[in-house]
J.: 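Have a look at this one before I ask anything.
All ligand and atom numbering here is 1-based and tracks the order in the structure. These values consider heavy atoms only, across backbone and side chains, with no hydrogens, waters or symmetry-generated copies.
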Amino acid sequence: MVPEPVAAAIAGARRPVCAYVYDPAVAVARIAALRAALPPGTRVLYAVKANGNPDLLRAVAAPADGLEVASGGELDLALAAGARTIAFAGPAKTDDELTAAVDAGAMIHVESVHELRRLTHLARGRTVNAALRVNRAADTPSGSHRMTGTPTPFGIAEEDLDTLPRDTVPISGFHLHAVSNNLDAAAHARFVDDAVTWSVHTAARLGIPLTYVNAGGGLGIDYTGDTTFDLTQLRINPPPPGVTLAVEPGRWITADSGWYAAEVIDLKRNHGRWFAVLRGGTHHFRLPAAWGYSHPFTVLPVDDWPHPYPRPEVSNVEVDATGELCTPRDVLTRGQHVDRLRAGDVLVFARTGAYGWDISHHDFLRHPYPEVKVLGSVG
Ligand SMILES: *Cc1c(COP(=O)(O)O)cnc(C)c1O
């Protein structure tokens, strides 16, 4: 279940094992597959916030049409990674961030009327690429996080588009990122088609010469089951001539390019439950705790046991995989069956390449960070 090169990287890790392994080739292949499924000319950007590891980012920046960033820090990462183009969204851009985005020639996804005025003021006289992020009035296909058709801090309310200020930087189109973790590719295709149709009508109504529609990310990963986002069902209509369609997934591109490995430090029974206590936890991989699900693991047996005292071992039981933090919420998995598990074995959590390390609270309790091993890169 754990790919051989990943297992080899884990076998070479320091003991007790605590490591992220990234395989950029998986993400690169995802970009190629997605591009092949989309109408010709669609721009495939990668949303850096899913995983901003610099080595991974460099590998992804080469085949991607660009990188999507959400802060000045990510903008710097994207520039260092050699992004071909950059798109910049985010509801609280500072003046410094807006200026840096203009300097970088980024496409700026403007999140409010106030931000449009600020950008216009800051950029006076300079070329700016800008599109309006809109929170549409209509509902969107289901995903686990909805960002539009519902009250959120993201984007300009659709009803406010009719009263936009005049004399702003030119607007080339719309940014309509609206869902997260949508597993239904046919529904996603309908969402993108609808985003383009809406953009054409709205641009005509507002007198915007439409050249750009960005349908955002939101392609889903099933962490607990076997559902896959089926690209054969992602049948999106080509946009009208002169309009460039862009998408910017994060999760779907890098989730499967990451593995989090943590050694079992202790194995114990408490009030009827078995706990595998790890060198690691939610401070490295917060997603299951944040979303409230059990992330599956694979046991990587480590036969070496150099100690004079007995090795804790269980067979054919359900265990909770818990971390090294002093909080009962530091749980990665509840009640997963194991054929055999011993202290010193390593649990490997696949699909941890997106929103894993990057969303976690690394310094809580001040444990050392995991090792990071990027396959195919030096060192
Ligand atoms: C987070 C984000 C994305 C990526 O979303 P995924 O669900 O990871 O595909 C794309 N665009 C914007 C504006 C985002 O905030």
J.: Identify which one of L210, L116, N129, L164 satisfies the side chain to side chain contact (heavy atoms under 4.5 Å, CB included) criterion when paired with I171.
T.: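 Of the listed options, the one satisfying the test is L116.
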J.: Take T168 and R117 through the test side chain to side chain donor-acceptor pair (under 3.5 Å) and record every step on the way to the result.
T.: CA-CA 7 Å; T168 69; R117 290 198 175 98; over 6 Å; no
J.: Say whether K49, considering both its backbone and side-chain N or O atoms, lies within less than 3.5 Å of an N or O atom on ligand 1.
T.: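 Min N/O separation from ligand 1 is below 3.5 Å for K49.
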J.: Need the ligand 1 atom indices (1-based, order shown) with element for anything under 4.0 Å from a heavy-atom of Y355.
T.: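 Going through ligand 1 atom by atom, the ones under 4.0 Å from Y355 are 1 (C), 4 (C), 5 (O), 6 (P), 8 (O).
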J.: Test your reading of the model: is there a side-chain donor-acceptor pair from S112 to the backbone of E115, 3.5 Å cut-off?
T.: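 Looks like yes, one N/O pair under 3.5 Å.
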J.: Between the main-chain N or O of H284 and the side-chain N or O of Y20, is there a donor-acceptor pair closer than 3.5 Å?
T.: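 Confirmed, Y20 side chain pairs with H284 backbone.
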J.: Just jot down the ligand 1 atoms closer than 4.0 angstrom to any heavy atom of H175, in number order.
T.: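 Close to H175: 13 (C).
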J.: May I ask you to list the atoms of ligand 1 that are less than 4.0 angstrom from any heavy atom of P249?
T.: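 Answer, ordered by atom number: 9 (O).
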J.: Any sub-3.5 Å donor-acceptor pair from T42's side-chain atoms to L245's backbone N or O?
T.: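 Flag not set: sc T42 to bb L245 has no pair under 3.5 Å.
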J.: Show me which atoms of ligand 1 lie under 4.0 Å from any heavy atom of G217.
T.: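 Reading through ligand 1 atom by atom, the close ones are 9 (O), 10 (C).
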J.: Assess R30 against W252: is NZ or CZ under 6.0 Å from the centre of the six-membered ring, and within 45 degrees of the ring's axis?
T.: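 Because its charged atom sits under 6.0 Å from the ring centre and within 45° of the axis, R30 does stack over W252.
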J.: Of Y260, Y22, Y369, which meets ring-ring contact (aromatic ring centres under 6.0 Å, His included) against W357?
T.: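 Running ring-ring contact (aromatic ring centres under 6.0 Å, His included) over Y260, Y22, Y369 with W357 returns exactly one hit, Y369.
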J.: Are S180 and ligand 1 in contact, using a heavy-atom cut-off of under 4.0 Å?
T.: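 Contact present.
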J.: Before signing off on this row, confirm whether R251 and ligand 1 have an N or O atom pair separated by under 3.5 Å.
T.: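 So ligand 1 has an N or O lying under 3.5 Å from an N or O of R251.
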J.: Atoms of ligand 1 less than 4.0 Å from G218 heavy atoms?
T.: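 So the atoms of ligand 1 that pass are 5 (O), 6 (P), 7 (O), 9 (O).
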J.: Could you establish whether F154 and ligand 1 come within less than 4.0 Å of each other, counting only heavy atoms on the residue side?
T.: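 Checking ligand 1 against F154, which is what was asked, there is no heavy-atom contact under 4.0 Å.
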J.: Once you measure the plane-to-plane angle for Y223 and H295, does it fall in the parallel (<30°), tilted (30-60°) or perpendicular (>60°) bin?
T.: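 Taking H295 first and then Y223, their aromatic rings sit tilted (interplane angle of 30° to 60°).
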J.: Below 4.0 Å, non-hydrogen atoms only: which portion of A47 touches ligand 1? Side chain, backbone, both or neither.
T.: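 Only the side chain of A47 comes within reach of ligand 1.
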J.: Would one find an N or O of G250, backbone or side chain, under 3.5 Å from an N or O of ligand 1?
T.: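 For ligand 1, there is an N or O atom that lies under 3.5 Å from one belonging to G250.
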J.: Does ligand 1 come near enough to R133 that some N or O of the ligand is less than 3.5 Å from an N or O of the residue?
T.: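 Not met; the criterion fails.
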